[in-house]
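Take a look at the structure set out below.
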Amino acid sequence: MKKLMVLLIILGFCRISGIGRNNDYELRSPDGKICVTINIGDAVTYSITHGNTVIINDSPITMELGDGRVLGIGSSVGKTVKNSVDDEIEAHFYKKSKVRNHYNELIISFKGNYKLTFRAFDDGVAYRFSTSFKKPIIVKRENVSYCFDDDYVAYIPYVNARKGDGDFLTQQFFTSFESQYTIDSLSKMDVERIAFTPLLICLKDGKKAVVVESDLEDFPGTFFRKGEGNSLIAVQATYPKVEEQGGHNMLQMVVRERKDFVAKVNGTRDFPWRAIVISESDAELMDSDMVYKLASPSRVKDVSWIKPGKVAWDWWNNWNIRGVDFKAGINNDTYKYYIDFASKNGIEYVILDEGWAVNKQADLFQIVPEIDLEELVAYGKERNVGLVLWAGYYAIDRDMEHVCRHYSDMGIKGFKVDFMDRDDQKVVDFYYRMAAMAAKYHLFIDFHGAYKPTGLSRTYPNVLNFEGVYGLEQSKWDNNLNQVNYECMIPYIRMVAGNLDYTQGAMDNAGRNNFRAIYSNPMSQGTRCRQLAEYVIFESPFNMMCDSPTKYMQNQECVDFISEVPTVWDETIALDGKLGEYAVIARRKGDTWYIGAITNWEERTVEIDLNKIGVSTNKCRAYTDGINANRNAKDFRITDKEIKDNRLEIEMKSGGGAVIIVRS
């Protein structure tokens, strides 16, 4: 009966504003535009406004424990503390070298040994639970709700799952976090499906809200489903009870049965941040630092050994090289060819993706006979090219320290870890253990088959990439995809959470009507210049060159650009854009600005105002779509342009893009 009453209270607060008001606390952002009102009544609720715009109505905050206690209901306030912070975070391997961390904070301590901390930034609001119990606790569930005041349009990344035997909700927790966005009103959300974050809501007055989380440690990630009225209700995977080896090539642990709680944790701890990023213009979302600012500071004291950069990748192009006197494939001759290409062009790394270890054994010490890793490491070292190894999640987790020590001693520089495909407490813990162990042995990590970033790259800067995106690899098998439009949504939604592993760089490019999914010889949608622009638009410290060395050698001008463009930045400024239509971002490294632009299938001319980046010059180098790019998407040109009045017009063809390079 008690659980039923808790649920009724939660749902009631999503429908009715102002019930049982006892104490209201107000917190404003530094610029005064955002106002958070926290009410301590029958339950703890909060609401947010931005100017005259309602962001969310009274939304409940509770956490149900295994012993029946419910934090956030029936509690009284012990004391409150307000703080104002305006400092600077030194950022490692990020889109800027320094991040301003400016917020006002309210800490509400409750009788019962727990507290809620709220932070109001100029671009959003975050809160988290903290507890100070002497003994470990079981968390049955954390109830996170966003109650909106109208039936707004949302961009919803539903989990890809098919109904089978058993509970459909439980089945959905096994996911690769790779989905395009369903654009629909809140009232029309599928009540049976769950969606992962980031998730975007289009509000009144042209404003947007993006739901994210940060500092996700020792706790499951959060999905959302349709709630009462115009609300979103959190769903979290419960703790695994029975697992068995299986999944992709026996490289995963598949959950067969789950317990009835989401986490068992230390009694004294901070829980993940629940945050909502708020923008007045779409472009603001492309430069959000919310997730990074809320994450725990770096636990890696010396980061000098971490070297981001580009990597020649084998899997997307299917080892598809030609004009050689050996059989291409997973063998030393092929990888020496990749290493020679990387060395000649100043590419820092070559990756050995799936296939170098014996299939279906989940044993990283069983190497296929065609590969001699020590020989390849030595060959690469002579040519200043480091090697990175792909590894399935279970294969590395079953013997993590031995694997990391062995391959670090051999000279391997990092791991691409794949197929986690979950974010319950047990797998989230794997991310932290993997990051810490890799740092111990001076290895960097690219998490593939991964949930969205939640700030781990700040806590462990050796974690350079997360996938969690419907990346270019989908073009190998999906004839029905609309990658061009999706790519114009990523900077406003997925990238709000942080870096990604999109794997751009295709040299075979296709317009809307002549794209075909060909597994062994893939192509991209949109123009060649779009592929180049994505090295500026998408944030990726460890950036893939997806196509084969053979094709790159035939397009040396593109290789020269890709090898030159940085992967980490000193400064980022979002110049212009509209969700789903186009994006223009400027990024600076040293005294050079790189401006990237992409458009959807609509041809578009954009005006770039160099005054916005504090640069005054009369010349720039431009990579733009060729005059015939609508007929042949490979058509592009490189020109040294004259700039008048510090403004520059750039024309993009259908599915096109552009890059402008400006020296300060």
Could you check whether [X] pairs with [Y] (Lys NZ or Arg NE/NH1/NH2 to Asp/Glu carboxylate O, under 4.0 Å)?
X      : Y      : answer
Lys96  : Asp289 : yes
Lys589 : Glu571 : no
Asp429 : Arg433 : yes

Return the orientation label for the [X] and [Y] ring planes: parallel under 30°, perpendicular over 60°, tilted otherwise.
X      : Y      : result
Phe223 : Phe177 : parallel
Phe415 : Tyr407 : perpendicular
Phe365 : His406 : perpendicular

Do [X] and [Y] get their side chains close enough for a donor-acceptor pair, meaning under 3.5 Å?
X      : Y      : result
Thr567 : Asn543 : no
Ser179 : Asn160 : yes
Thr459 : Arg299 : no
Asn318 : Ser520 : no
Glu401 : Tyr441 : yes
Asp353 : Trp316 : no
Glu564 : Tyr594 : yes
Gln252 : Asp421 : yes
Asp547 : Asn317 : no
Gln556 : Asn345 : yes
Asn465 : Ser540 : yes

Does [X] use its side chain to pair, donor to acceptor, with the backbone of [Y] at less than 3.5 Å?
X      : Y      : result
Gln361 : Met250 : no
Glu370 : Ile330 : no
Asp399 : Ala395 : no
Thr334 : Gly329 : yes

[atom1] of [X] to [atom2] of [Y]: how many Å apart, nearest 0.5 Å?
X      : Y      : atom1 : atom2 : value
Asn384 : Ser343 : CG    : OG    : 7.0 Å
Asp418 : Ser176 : CG    : OG    : 9.5 Å
Tyr431 : Glu217 : OH    : CD    : 14.5 Å

For this session: Check Tyr335, Tyr337, Tyr338 against Trp319 for a side-chain hydrogen bond (donor to acceptor under 3.5 Å, both in side chains) and give me the one that passes.
Result: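 Single side-chain hydrogen bond (donor to acceptor under 3.5 Å, both in side chains) partner of Trp319 among Tyr335, Tyr337, Tyr338: Tyr335.
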
For this session: Test Gln474 against every option in Gln180, Gln525, Glu178 by the side-chain hydrogen bond (donor to acceptor under 3.5 Å, both in side chains) rule and name the one that passes.
Result: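 So, applying the side-chain hydrogen bond (donor to acceptor under 3.5 Å, both in side chains) to Gln474 and each of Gln180, Gln525, Glu178, only Glu178 qualifies.
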
For this session: Would you sort out whether Asp478 and Tyr470 count as a side-chain hydrogen bond (donor to acceptor under 3.5 Å, both in side chains), showing the intermediate values?
Result: CA-CA 11 Å; Asp478 186 355; Tyr470 197 82; 2.6 Å; yes

Problem set entry | Pairwise side-chain contact, Arg587 with Lys95, heavy-atom cut-off 4.5 Å (strictly under) |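 Yes, at least one pair of side-chain atoms sits under 4.5 Å.
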
Exercise. Does Val662 reach the side chain of Ile660, with side-chain heavy atoms less than 4.5 Å apart?
Worked result: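 Val662 reaches Ile660 side chain to side chain.
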
For [X] and [Y], which heavy atoms make the closest approach, and how far apart are they?
X      : Y      : answer
Tyr349 : Lys307 : OH-O, 2.6 Å
Asp508 : Lys634 : OD1-NZ, 3.1 Å
Gly526 : Asn509 : O-CB, 3.3 Å
Val496 : Val212 : CG1-CG1, 4.1 Å
Arg663 : Thr592 : NH1-OG1, 2.9 Å

Exercise. Is the distance between the ring centroids of Phe419 and Tyr393 less than 6.0 Å?
Worked result: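 Not under 6.0 Å, so no.
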
Problem set entry | Ring centres under 6.0 angstrom apart (Phe196, Phe173) |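 When the ring centroids of Phe196 and Phe173 are compared, they turn out to be at least 6.0 Å apart.
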
Problem set entry | Residues Lys416, Leu389; criterion side chain to side chain contact (heavy atoms under 4.5 Å, CB included); working and verdict | CA-CA 6 Å; Lys416 176 182 176 181; Leu389 299 178; over 6 Å; no

Exercise. Considering residues, nucleotides and ligands other than Glu557, do more than 12 of their heavy atoms fall under 6.0 Å from its CD?
Worked result: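 Open.
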
